[in-house]
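First comes the structure, then the notes that go with it.
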2 protein chains.
Amino acid sequence: MTSTEKANAEKSSLRPTRQRLAVMEAMASFGDFRSAQDIHELLGERGEQVGLATVYRTLQRLADAGEVDVLRTEDGEAIYRRCSDSHHHHLVCRSCGATVEVEGPTVERWTSSIAAEHGYADVSHALEIFGTCPRCR
Amino acid sequence: MTSTEKANAEKSSLRPTRQRLAVMEAMASFGDFRSAQDIHELLGERGEQVGLATVYRTLQRLADAGEVDVLRTEDGEAIYRRCSDSHHHHLVCRSCGATVEVEGPTVERWTSSIAAEHGYADVSHALEIFGTCPRCR
DNA sequence: GTCGGAGTTGACAATCATTCTCACTTCATC
DNA sequence: GATGAAGTGAGAATGATTGTCAACTCCGAC
């Protein structure tokens with residue numbers, strides 16, 4: 001883990017416990033979306049025993065702090081991924097899960113104007129793009 | 001129920017049983033997203049006893065046939081709504097669930113160009129806009 | 001009209017992700 | 001080293017959803 005990560009952990013007033021560090025390190029080690037169960041299993045394989053409940057709690061904290069993205073698969077399972085701070089969307093490969101973060105003022109503008117048009121306030125939006133990546137074709 | 005609905009039921013090679021008709025009629029009677037449990041309860045209140053499993057099965061069939069939209073709430077619950085045939089997105093009220101179907105070539109173009117830029121093929125996308133509707137403010 | 005079989009249903013059990021509980025541990029501070 | 005707050009883990013609890021299976025319904029063939 002980098003010093004930045006440790007600083008982040010402290011900033012969010014979370015004790016940098018062995019378990020939390022392990023989860024953050026695991027998140028840093030892959031680039032695509034994984035379920036809490038996957039991460040728990042991955043930690044077990046690495047010899048870092050962390051309770052499942054703790055994995056869930058940690059991921060929730062990280063998600064609240066905006067340090068990870070949460071998505072729902074089609075069958076309702078929550079999947080997590082480390083992400084950059086700024087607002088962005090995901091282009092996800094349907095077959096291998098490879099993810100690209102994308103952003104663009106176009107959508108942002110479009111959603112807010114549509115919302116305004118219908119009188120909706122406090123607007124947020126969720127956009128995911130699915131496709132088959134170059135390597136899986 | 002309209003004759004069109006009956007025709008659809010037949011078209012999709014589903015027997016138009018009392019239970020299926022009841023679910024479809026219920027879907028027709030509200031415009032926002034409801035969970036399977038809600039629909040089951042609603043049917044009970046109307047005196048149309050339909051088993052919960054049957055409600056789930058029916059909604060799944062309808063969703064497969066593209067006759068209803070399925071969304072996931074933030075806590076992973078599936079919610080269903082009757083929808084028009086054409087591709088569109090939803091502007092959903094965070095507080096009361098009121099939904100507006102919106103569409104626009106802007107997003108469609110943007111997503112496909114982004115995907116193309118990264119070499120992704122067979123692109124689809126999911127976009128939901130959340131906000132507070134005029135009546136809930 | 002009635003027979004038979006495929007499709008459908010409902011009650012209930014089973015599954016599975018997630019959350020809750022609570023006794024126990026760890027850490028910082030005094 | 002005592003204290004208390006934060007954190008943890010094992011297992012129970014929850015709750016949406018799906019599976020099971022015997023009973024029921026529909027519908028065409030006779």
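Remember, predicted model here, so these are calculated numbers, not experimental data. Letters go in sequence order (proteins before strands), and every chain restarts at 1.
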Residues forming a salt bridge (charged side-chain N to carboxylate O under 4.0 Å, His left out) with [X], sequence neighbours excluded:
{"X": "A:Glu48", "answer": "A:Arg18"}
{"X": "A:Arg81", "answer": "A:Glu101"}
{"X": "B:Arg135", "answer": "none"}
{"X": "A:Arg72", "answer": "none"}

Discussion item. Once rounded to the nearest 0.5 Å, what's the spacing between atom OG of B:Ser35 and atom CG of B:Leu59?
Written reply: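 B:Ser35 OG to B:Leu59 CG: 9.5 Å, rounded to 0.5 Å.
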
Table please: side-chain donor-acceptor pairs of residues 118-125 of chain B below 3.5 Å, with sequence neighbours left out.
unit_1   : atom_1 : unit_2   : atom_2 : d
B:Tyr120 : OH     : A:Ala98  : O      : 3.3
B:Ser124 : OG     : A:Arg94  : NH2    : 3.2
B:His125 : NE2    : B:His87  : NE2    : 3.3
B:His125 : NE2    : B:His89  : NE2    : 3.2
B:His125 : NE2    : B:Glu108 : OE1    : 3.1

Residues two or more places apart in sequence or in another chain: which of them pass side chain to side chain contact (heavy atoms under 4.5 Å, CB included) with [X]?
{"X": "B:Ser112", "value": "none"}
{"X": "B:Thr106", "value": "A:Thr106, A:Trp110"}
{"X": "A:Asp69", "value": "A:Phe33, A:Cys83, A:His88, A:His90"}

**Study point:** Under 3.5 Å: donor-acceptor pair, side chain of B:Thr132, backbone of B:Cys136
**Key:**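 Absent.
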
Below 4.0 Å: OP1/OP2 of [N] and any side-chain N or O of [X]:
{"X": "A:Arg20", "N": "D:dA6", "result": "no"}
{"X": "A:Gln19", "N": "D:dG9", "result": "yes"}
{"X": "B:Thr54", "N": "C:dG10", "result": "yes"}

Out of [options], whichever nucleotide has its closest atom nearest the side chain of [X]:
{"X": "B:Tyr56", "options": "D:dT18, C:dA17, D:dG9", "result": "D:dT18"}
{"X": "A:Val50", "options": "D:dG9, D:dT18, C:dT18", "result": "D:dG9"}
{"X": "A:Arg61", "options": "D:dG7, C:dT18, D:dT17", "result": "D:dG7"}

Quick one: name the residues clustered hydrophobically with A:Leu52, using the 4.5 Å side-chain heavy-atom rule over I, L, V, M, F, W, Y, and just say none if it's on its own.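 Listed partners: A:Tyr56.
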
**Request:** Specify the residue among B:Gln60 and A:Val55 whose closest nucleotide of DNA chain D lies further upstream toward the 5′ end.
**Result:**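 So the residue in question is A:Val55.
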
Exercise for the section: List in numerical order all residues of residues 38-49 of chain B for which some heavy atom is under 4.0 Å away from an atom belonging to DNA chain C. Expected result: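 Correct list: B:Gln49.
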
Between N or O atoms, less than 3.5 Å apart, protein on one side and nucleotides 12-15 of chain D on the other: list the pairs.
none

Just the atom pairs and distances: protein N or O near nucleotides 19-27 of chain D's N or O, under 3.5 Å.
unit_1 : atom_1 : unit_2  : atom_2 : d
D:dT25 : O2     : B:Arg15 : NH1    : 3.4

